[in-house]
Each structure stands twice: as structure tokens, then as C-alpha cells.
Number of protein chains: 2
Amino acid sequence: MANIPIYRQDAQHPQAQACAACEIRSSALFGVLDADGLDRIHLHIETLELASDSVVYDRGSSGAAVYTVRTGVVRCERVNSRGERRIMRLAGRGDLIGQEALLQRPYGHEAIVCMPTQLCRIPRALIDGLAEKSGALPRELMLRWQRALDASESWMSEVCTGPARLRVLRMLQRLQDHAQPDGTLWLPRREEMSAMLDMTVETASRLISQLRREGVLERLPVRLARVNASALHRALTSAAAGS
Amino acid sequence: MANIPIYRQDAQHPQAQACAACEIRSSALFGVLDADGLDRIHLHIETLELASDSVVYDRGSSGAAVYTVRTGVVRCERVNSRGERRIMRLAGRGDLIGQEALLQRPYGHEAIVCMPTQLCRIPRALIDGLAEKSGALPRELMLRWQRALDASESWMSEVCTGPARLRVLRMLQRLQDHAQPDGTLWLPRREEMSAMLDMTVETASRLISQLRREGVLERLPVRLARVNASALHRALTSAAAGS
DNA sequence: CGAGCCGTTGAGGGGATTCAAGCTCAGTGG
DNA sequence: CCACTGAGCTTGAATCCCCTCAACGGCTCG
């Protein structure tokens with residue numbers, strides 16, 4: 001019984017190969033499953049490869065699946081009662097989105113791809129079936145919910161607060177967490193920044209330009225950038241203290 | 001087997017009587033339990049009666065219990081990196097707080113009583129034990145988590161956004177949801193409003209005074225108020241449109 | 001090339017903050 | 001009884017940050 005590989009290597013199905021090779025499996029939802037559970041899931045999980053601005057799901061649609069982000073970044077949006085788009089959350093590698101589906105509820109926000117992204121689509125029925133057998137899965141799910149709640153609250157307390165420059169700096173800090181291996185990161189369009197940080201596109205543009213002149217940010221071709229980590233850190237501490 | 005009362009009426013323990021008489025049992029966490037589960041829980045659940053400004057739990061403390069609000073209002077606070085207090089959430093009748101404890105994690109915020117409040121303290125071990133037997137409890141727990149997440153996101157998109165007057169109006173709208181039977185509601189101190197709405201106490205004061213002059217709000221003795229629902233509604237629509 | 005989108009920059013105005021001064025009210029003690 | 005606090009609330013005046021409105025430049029694409 002010992003040394004059963006966490007994902008069966010001998011499975012024939014191509015998706016089984018993909019799951020076996022998946023680098024995020026230890027941090028992903030099914031890390032807790034045993035061999036029995038794992039054997040069954042490959043057949044139902046689908047890997048999606050989506051381009052920028054693709055819609056993963058719409059708010060209000062009654063979804064039948066949750067998604068794990070393998071690479072790339074997905075943003076979760078919502079339109080508030082004044083008709084403004086607000087970006088509530090960024091999901092990156094290893095994050096789970098659309099958990100409402102597990103409770104047979106419509107999605108609470110719209111999920112949109114920020115940069116070329118790979119997703120694993122996990123049908124609800126699959127998780128329902130597994131949860132009855134595996135004792136560890138419900139706990140793992142609750143952990144994901146708690147993580148989403150933490151992220152939401154820390155976003156609210158840090159990114160929705162304070163002077164505009166500080167908010168932009170904190171956004172950059174968070175974008176760094178989703179940076180690609182080569183150090184480049186997704187830089188939102190100005191309008192998206194405005195939806196994240198509750199400011200106008202003009203203000204976002206001014207502040208980004210200023211940070212570029214200060215050497216905190218270096219602009220790359222298409223919606224990409226590179227940040228100087230130490231300069232960012234310095235800017236953050238001085239902005240937080242100076243206020 | 002049919003017609004087993006959801007809470008056993010014949011239990012001797014005084015807490016069993018309290019649970020049997022609890023008016024929120026259908027909406028509370030244990031509404032899904034069967035008779036076996038219910039018989040065991042009374043012995044471990046404790047009813048607390050706390051005065052304003054009592055601390056239910058501290059952020060960072062590793063809690064061993066979750067709490068259900070029976071009456072009153074509890075606020076969940078957090079201190080952001082600039083050292084400012086931010087109120088992230090209000091919990092009222094039927095709401096569950098401190099769910100992090102179920103995952104053996106420290107509380108993510110500080111919970112403080114807003115007005116005289118009754119709480120049920122539910123030890124973590126109790127829920128762990130029940131969850132193994134009852135299939136419905138994990139689902140119910142996930143539902144609570146999702147509800148907290150929804151509340152957090154809608155708070156962020158509605159209360160953290162827009163001109164100050166609109167934010168104050170939306171706060172009043174939410175406070176109405178926690179109103180007492182007699183129609184009075186908890187009116188935060190100005191400093192607490194400032195922590196909720198990300199504005200200065202002066203701005204909060206100016207706007208509350210203005211709303212009082214407009215007849216939206218009527219002030220009562222101690223941190224209580226009565227709102228004119230229709231006037232509030234009118235003010236909200238005109239403020240949302242006028243901007 | 002013009003159209004359109006996105007980003008940038010400028011000028012002006014408005015709303016919120018800042019700083020400051022009274023105000024109300026409960027508690028205290030002479 | 002009443003002055004004396006001190007905390008919380010209110011209000012005023014000046015300042016500033018951000019928004020609004022506007023124009024322009026770079027870029028892609030038909």
C-alpha cells in the first residue's frame with residue numbers, strides 16, 4: 001500500500017497523463033485524494049487554454065463546474081448598483097474559482113482571462129461524488145473558501161483604501177505574486193486598473209507614468225511589464241509612512 | 001421515524017431548553033442536524049450575553065469555537081498595513097462568525113459587539129465530530145462560507161465605492177437589515193463609520209447631520225436611531241442617479 | 001489614410017481631508 | 001448646586017487630491 005503515486009502513472013487516458021504531469025497538483029484541490037479517487041477523475045476533467053479577454057463564466061449563470069488556474073491570471077468582476085465594473089479578485093496558479101457551483105448556486109461574478117491562461121474544468125458532479133467517499137475533500141474545499149474570503153478581505157482593507165498612489169503600488173505588489181517565471185507580469189489596461197482601484201483611468205495613467213519615470217516599472221510590449229522589486233518596496237514604505 | 005422534532009423537547013439539560021426555544025434554529029447552522037446529532041450538542045453549546053464593545057475574539061488568536069449571533073450585531077474589524085482600523089463585515093441574527101476556527105486557523109479579524117448581543121458559542125470539536133457522521137453539515141458549512149464571501153464582496157463593491165454621501169446611505173441600508181423588532185437600529189459612532197466607509201469622522205458627521213435635517217434619520221438616545229425607510233430609498237436612488 | 005481604441009498630459013473645479021474651534025452631555029468632586 | 005473635566009459630535013475655513021472635461025499622440029486595422 002505504500003508508495004502509491006499521487007497520480008497513477010499507468011493510466012491510458014490522455015488527461016491522466018496531463019494530470020500526472022501537472023506541476024500544481026500538490027497545491028491544487030485534488031492533492032488530498034487517494035488513488036481510488038484519482039483514477040476516476042481524469043476522465044471528467046478538461047483542460048482549457050484561453051486567450052486574453054475570454055470569458056470563463058458569466059455572473060448569474062448557473063454553472064456546473066469549478067475551475068483551477070494552472071497558468072496565467074483570471075479576474076473576477078462584478079457590476080455594482082451604479083453600473084460600474086469592479087474587479088474583486090485576481091486568481092492565479094493554483095487558485096480555485098467558481099466554487100458557488102458546488103452549492104448549486106449561480107456564479108457570483110464574471111470570470112475573465114487576463115493573459116493566456118490554462119484552466120482545469122472540474123464538473124460539479126465529480127466533486128459531489130468524491131466528497132461522499134473522501135473525508136478530506138470537504139475540508140480542503142472549506143480551506144479554499146476561507147482562502148477566497150481572506151483574499152477578498154485583505155484586498156478590501158489594502159487596495160480599496162488610502163491615497164491613489166498607494167493603491168496603485170499595492171496593486172503592483174499583488175500582480176507580482178502572479179508574475180511569470182521570467183519575471184514579467186500582467187499589467188492591466190488603465191480601465192481595468194480603474195475598476196480594481198476605484199479611480200479614474202486618467203489618475204491610473206498618471207500614476208503609472210510617474211512610477212515608470214521613477215524606475216519602479218518598466219514597460220514591455222503587450223500588456224506586460226517588469227517591476228523593480230526593491231524600488232517598489234521603497235516606494236511602498238515611503239508612501240505608507242509619508243501619509 | 002417520521003415527525004421527530006428537530007430539537008428534542010424532552011431533554012433535561014437547561015441548554016437543551018434554550019436550543020429548543022431558539023427562534024433562529026431553522027436558519028442557524030444546526031438546522032440540518034438529525035435527532036442523534038441534536039441530542040449531543042446541547043451539552044457543549046454555551047449561550048453568551050455580551051455588552052457593547054465586548055470582544056468576542058481577537059485577530060490572530062487561535063480559536064476553538066465558532067459563534068452564531070442570536071440577537072444584536074457584531075462587527076468584524078481588521079487593522080490594515082497603515083495602522084487604520086477597517087470594519088469588514090457586520091454580523092446579525094443567524095450569522096456565523098469565526099469559521100476559521102474550524103480549519104484550526106487563527107481568527108482573521110477581531111470581532112466586537114456593537115450592541116447588547118446574544119451569541120451561541122459552538123466548540124470546534126463538536127462540529128468536527130458531527131461532520132463525520134452527518135452528510136449535510138459540511139454542505140451547510142460551505143454555504144455559510146459562501147455567504148460570508150458574498151457579503152464581503154458586495155460590501156466591497158457597494159460600500160467602498162462612490163461619493164461619501166452614497167456610501168453613508170448604503171451603510172444605513174445595511175444597518176436596517178439588522179434593525180431590532182421595534183424598528184430602531186444600531187447607529188455606529190462616527191469613528192466607526194469612518195472605519196467602515198473609509199472617510200474621516202468629520203465627513204461622516206457632516207453627512208449624518210445632513211441626513212437628519214433631511215428627515216431620513218431620527219436620532220435616539222444611545223447609539224440608536226430610527227430611519228425613514230421611504231426617505232432613505234428616495235435619497236439612495238437620487239444619489240445614485242445624480243452622480 | 002482615416003477611424004477607433006488606448007494611453008498620456010493639461011487645466012479647472014469639486015469633494016473630501018485637514019486643522020481648528022465650539023458644542024453637548026455624562027461623570028466627578030469641590 | 002455647579003464648575004470642571006474629557007470624550008464624542010458638530011461645524012467652519014483653507015487646502016489638496018482626485019475627478020471632469022478636453023486635447024493630443026501612438027498604434028492597429030479595415
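Per chain, numbering begins at 1; letters A, B, ... match sequence-line order.
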**OP:** Ignoring backbone atoms, test whether A/Thr203 places a side-chain nitrogen or oxygen under 4.0 Å from the OP1 or OP2 oxygen of D/dC18.
**Re:** no
Subject >> Integer-rounded Å distance: D/dC18 P and A/Asp198 CG >> reply: 12 Å
Original post:
Please give, in whole Å, the distance from D/dC9 P to B/Glu192 CD?
Top reply: 8 Å
Subject >> Atom of B/Cys160, atom of A/Asp198 and distance for their closest heavy-atom approach >> reply: O-OD2, 3.5 Å
Subject >> Any B/Thr200 side-chain nitrogen or oxygen under 4.0 Å from OP1 or OP2 of C/dT17 >> reply: yes
Original post:
Between B/Ser209 and D/dC9, is there a side-chain N or O to OP1/OP2 distance below 4.0 Å?
Top reply: no
**OP:** Return the value, rounded to whole Å, for the distance between atom CG of A/Leu207 and atom P of D/dC19.
**Re:** 9 Å
Original post:
Is a donor-acceptor pair below 3.5 Å formed from side chain A/Glu202 to base D/dC18, judging by atom type as modelled?
Top reply: no
Original post:
Quick one: are A/Tyr67 and A/Leu48 in side-chain contact, heavy atoms under 4.5 Å?
Top reply: yes
Original post:
Does the C/dC6 base have a donor-acceptor partner in the side chain of A/Glu191 within less than 3.5 Å?
Top reply: no
Original post:
B/Arg219 side chain: which of D/dC9, C/dA16, C/dA20 is closest?
Top reply: D/dC9
Subject >> Phosphate-side-chain proximity, A/Ser205 and C/dG7, N/O vs OP1/OP2 below 4.0 Å >> reply: no
Subject >> Touch class at under 4.0 angstrom, heavy-atom based, for B/Arg212 against every strand present >> reply: sugar-phosphate
Original post:
Hey, are B/Ser154 and B/Glu158 close enough side-chain-wise for a donor-acceptor pair under 3.5 Å?
Top reply: no
Original post:
Over how many whole Å does the gap from A/Gln210 atom CD to C/dG7 atom C1' extend?
Top reply: 16 Å
Subject >> Under 4.0 angstrom between A/Arg206 side-chain N/O and D/dC18 OP1 or OP2 >> reply: no
**OP:** Find the distance B/Leu197:CG to C/dA16:C1' and express it as a whole number of Å.
**Re:** 13 Å
Subject >> Spacing of B/Met199 atom CE relative to D/dT10 atom P, expressed in whole Å >> reply: 14 Å
Original post:
Below 4.5 Å, heavy atoms only, C-beta onward: do A/Thr71 and A/Arg93 meet side chain to side chain?
Top reply: yes
**OP:** Under 4.0 Å between any heavy atoms, over every strand shown, what does A/Arg213 touch: base, sugar-phosphate, or nothing? Just pick one.
**Re:** sugar-phosphate
Subject >> Value in whole Å for how far the P atom of C/dT17 lies from CZ of B/Arg190 >> reply: 15 Å
Subject >> Atom pair distance, as rounded to whole Å: CZ in B/Arg189 and C1' in D/dT10 >> reply: 16 Å
Original post:
Do A/Glu153 and B/Arg59 sit within salt-bridge range, that is, some charged N less than 4.0 Å from a carboxylate O?
Top reply: no
Original post:
Looking only at side-chain N and O atoms, does B/Arg165 come under 4.0 Å of OP1 or OP2 in C/dG15?
Top reply: no
